[in-house]
Amino acid sequence: MKKILIAFCCVMTFSMSYSQSNLDIANVYIKRANSVIEESIDYKEALALFEKAMKYMDTITSPDIASLGSRIYFELEDYREAQKYSKQFFLISKNKRSESYIQQLDLFVTINEELELQIAEENRIAEEKLQRQKELQRIDSLKTVWKTTSAKLAIKVDSIYSFNKNNYALYTKDNKFGIINDVGNIVVEASEFLYGVNFEGYIVLQNKKEDPNKIYYFNTFKGTGNMLPSPSDFNSISTHFGKVMLPRSNGRLVTYPNNSYQPMVYDLNVNKFVKVSNQEDLFKTLKKGDIIRKYNKEGEIKLDKDWYIFGGHLGGGVHPLYVENDYNINGYLFSVDGSVTSANSQYKYLGAFYNSKLEAINGSTRVWLNQNGTKVAALKDATANYEGNSKVVKLEDGAYQIFKDGKIVKGTESLEKMVDYLRKFN
């Protein structure tokens with residue numbers, strides 16, 4: 001029992017000695033903090049010394065130390081800490097009439113006033129931050145709405161060709177051709193036509209590039225279109241349209257159906273076949289002008305020593321020629337001067353004659369001829385140049401959008417650019 005008592009006394013003595021040592025160290029830092037304030041008014045340095053002192057003190061029992069802490073934090077505008085030390089001062093200060101008490105009370109009131117202002121400012125800043133967050137959330141929400149609407153106005157196709165003067169263009173999707181206008185309306189879906197051409201104000205769509213048996217034509221001047229009649233409607237034993245020439249601005253389209261002794265000439269404006277109205281009168285005129293030597297009731301004409309099956313009229317006095325038992329075009333008669341061009345040696349297919357020119361094709365070569373078959377400068381498509389203000393933009397995902405008058409358009413729907421859209425809701 002004596003041993004336990006002796007041990008306890010030793011521990012108590014050591015603890016009191018250690019506590020006394022810590023208090024001495026704390027007082028050194030407090031003294032230094034006061035000196036810094038008196039000599040250089042450096043409250044930041046004083047704070048560093050004061051905080052070191054606090055590490056060696058469990059509680060503040062001295063009103064002077066509490067007052068020092070309150071003053072340091074006050075000068076550094078940390079009013080919450082200043083208020084805490086000021087309250088500690090009043091807990092341990094017994095003399096309410098002392099000058100230090102009165103000074104601390106005055107400081108305490110000032111601290112409370114400044115703290116109220118500080119809290120009010122913090123609340124204002126917090127409210128502003130909250131409002132900014134709400135505004136950012138609102139803007140993010142508007143951006144999401146804009147992006148969703150913008151996505152709906154995207155045109156999901158593989159490519160869009162140039163618009164013509166009448167605001168129509170070809171487009172492709174999944175290797176098929178369709179027709180679109182400059183506000184994003186799909187006029188003809190890209191569903192069955194594997195080839196398309198836009199020339200001189202007309203668009204022609206074919207179910208095959210070579211020897212098609214289905215052709216759709218669209219008049220961009222009128223904004224209307226239709227299917228060509230079946231090749232068998234032109235010639236009962238024809239199964240496809242054969243070679244299809246370029247449409248001309250007068251609405252004439254020439255094709256060369258199989259099993260036929262004449263090309264098919266079709267008027268895309270009035271939707272009907274074009275044939276010589278009185279073939280015998282034409283023959284008489286050609287014979288009278290010494291263009292042909294003879295003709296018969298079977299629709300054959302004689303040039304020099306050879307007889308040919310008369311193949312109709314391509315315009316401008318140009319007439320295709322065939323020979324019996326051969327559906328391949330043999331040649332062309334240019335009645336303006338009586339010249340004859342062999343289809344085998346020069347140009348196999350000729351298109352419709354209009355505006356002093358007609359298309360001529362041999363293999364993959366295309367040239368343009370005048371009325372007597374002489375090669376001339378290439379025809380410039382007067383409808384090729386787009387005059388509108390729509391702009392086609394390809395998106396990152398491969399889809400397209402059309403911008404017109406500063407807005408994304410698709411049919412009757414439109415959407416401002418994101419900047420303008422957000423500004424509208426400010």
Side-chain angles (χ1 to χ4, degrees), residues 29-30 33-34 36-38 40-55 57 59-60 63 65-93 100-154 391 393 395-397 399 401 403-410 413-426:
Y29 283 118
I30 293 297
N34 279 311
V36 166
I37 294 172
E38 291 173 1
S40 60
I41 320 178
D42 188 346
Y43 283 97
K44 288 185 178 180
E45 178 64 21
L47 176 62
L49 294 167
F50 183 81
E51 288 179 340
K52 288 181 179 180
M54 292 302 100
K55 292 180 180 179
M57 299 182 68
T59 58
I60 297 175
I65 295 176
S67 177
L68 175 63
S70 178
R71 188 165 78 256
I72 290 173
Y73 282 109
F74 172 78
E75 294 296 339
L76 295 176
E77 298 182 357
D78 188 345
Y79 302 120
R80 286 183 173 83
E81 285 296 307
Q83 187 186 64
K84 182 180 75 173
Y85 282 98
S86 187
K87 288 180 178 180
Q88 182 66 16
F89 172 88
F90 293 120
L91 287 175
I92 59 179
S93 179
S100 61
Y101 189 95
I102 295 171
Q103 289 176 348
Q104 189 62 41
L105 184 61
D106 183 68
L107 179 61
F108 182 70
V109 172
T110 303
I111 290 171
N112 288 342
E113 291 174 345
E114 293 296 333
L115 182 57
E116 286 180 3
L117 293 174
Q118 186 180 71
I119 292 173
E121 178 64 11
E122 290 172 352
N123 291 338
R124 184 190 66 79
I125 293 172
E127 180 63 22
E128 284 186 355
K129 183 179 180 180
L130 179 62
Q131 293 304 319
R132 283 196 299 270
Q133 290 175 342
K134 288 182 178 179
E135 179 63 11
L136 290 174
Q137 290 173 352
R138 188 180 74 90
I139 291 173
D140 287 342
S141 177
L142 288 172
K143 285 181 178 179
T144 300
V145 173
W146 185 92
K147 289 176 182 178
T148 301
T149 306
S150 176
K152 291 179 180 179
L153 299 183
K391 182 180 179 182
V393 176
L395 306 178
E396 291 183 359
D397 62 359
Q401 284 182 333
F403 285 80
K404 186 179 181 68
D405 298 324
K407 295 182 178 181
I408 304 169
V409 297
K410 187 178 182 182
E413 298 181 78
S414 64
L415 178 66
E416 304 92 335
K417 294 179 181 179
M418 182 182 284
V419 173
D420 297 330
Y421 181 81
L422 296 178
R423 186 181 297 119
K424 184 173 68 174
F425 287 95
N426 281 341

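Everything numeric here is computed off the predicted structure, so don't read it as measured data.
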Legend entry - Pair Phe90 and Phe108, ring centroids less than 6.0 Å apart: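 Yes, they do, as the ring centres are separated by less than 6.0 Å.
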
Roughly how far, to the nearest 0.5 Å, is the [atom2] atom of [Y] from the [atom1] atom of [X]?
| X | Y | atom1 | atom2 | result |
| --- | --- | --- | --- | --- |
| Leu422 | Ile139 | CG | CD1 | 6.5 Å |
| Thr59 | Leu91 | OG1 | CG | 11.5 Å |
| Ser67 | Ile92 | OG | CD1 | 9.5 Å |
| Ser86 | Gln83 | OG | CD | 7.5 Å |
| Lys134 | Leu136 | NZ | CG | 13.0 Å |
| Asn123 | Ile119 | CG | CD1 | 7.0 Å |

Side-chain ([X]) to main-chain ([Y]) donor-acceptor, under 3.5 angstrom:
| X | Y | result |
| --- | --- | --- |
| Trp146 | Glu416 | yes |
| Glu114 | Phe74 | no |
| Asn34 | Ile30 | yes |

Inset, instruction - Can you sort out the partners of Phe50 under ring pair (Phe, Tyr, Trp, His ring centres under 6.0 Å), two or more places apart, ordered by chain and number? - result: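 Residues passing ring pair (Phe, Tyr, Trp, His ring centres under 6.0 Å) with Phe50: Tyr85.
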
Are more than 12 heavy atoms from other residues, nucleotides or ligands located less than 6.0 Å from atom [atom1] of [X]?
| X | atom1 | answer |
| --- | --- | --- |
| Leu130 | CG | yes |
| Lys52 | NZ | no |
| Lys404 | NZ | yes |
| Lys44 | NZ | no |

Inset, instruction - Write down the atom of Ala46, the atom of Ile37, and the distance for their closest heavy-atom approach. - result: CB-CG1, 3.7 Å

Legend entry - Shortest non-hydrogen contact between Phe89 and Pro63, atoms and distance: CD1-O, 3.1 Å

Inset, instruction - Any chance you could lay out the side chain to side chain donor-acceptor pair (under 3.5 Å) test for Gln137 and Gln133, step after step, and finish with the verdict? - result: CA-CA 6 Å; Gln137 290 173 352; Gln133 290 175 342; 5.9 Å; no

Inset, instruction - Using salt bridge (Lys or Arg N to Asp or Glu O under 4.0 Å) as the criterion, point out the one residue from Arg423, Lys417, Lys424 that pairs with Asp420. - result: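 Option passing the salt bridge (Lys or Arg N to Asp or Glu O under 4.0 Å) with Asp420: Arg423.
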
Inset, instruction - Identify which one of Thr144, Ile408, Leu415 satisfies the side chain to side chain contact (heavy atoms under 4.5 Å, CB included) criterion when paired with Thr149. - result: Leu415

Inset, instruction - Flag the pair Arg124 and Glu127 as a salt bridge only when some basic side-chain nitrogen lies within less than 4.0 angstrom of an acidic carboxylate oxygen. - result: no

Legend entry - Check ion pair Glu51-Lys55 (N to O, under 4.0 angstrom):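 Looking at Glu51 and Lys55, the cut-off is not met.
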
Legend entry - Worked check of salt bridge (Lys or Arg N to Asp or Glu O under 4.0 Å) between Arg71 and Glu75: CA-CA 6 Å; Arg71 188 165 78 256; Glu75 294 296 339; over 6 Å; no

Inset, instruction - Start with the C-alpha gap between Arg132 and Glu135, add the side-chain angles, then the distance that decides, and say whether salt bridge (Lys or Arg N to Asp or Glu O under 4.0 Å) holds. - result: CA-CA 5 Å; Arg132 283 196 299 270; Glu135 179 63 11; over 6 Å; no

Would you mind reporting whether [Y] and [X] have side-chain heavy atoms less than 4.5 Å apart?
| X | Y | answer |
| --- | --- | --- |
| Leu47 | Asp78 | no |
| Gln401 | Lys410 | no |
| Lys84 | Arg80 | no |
| Ile65 | Met54 | yes |
| Tyr73 | Ile111 | no |

Legend entry - Check: Ser70/Gln104 side-chain N/O donor and acceptor closer than 3.5 Å: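 Per modelled atom types, Ser70 and Gln104 side chains form a pair under 3.5 Å.
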
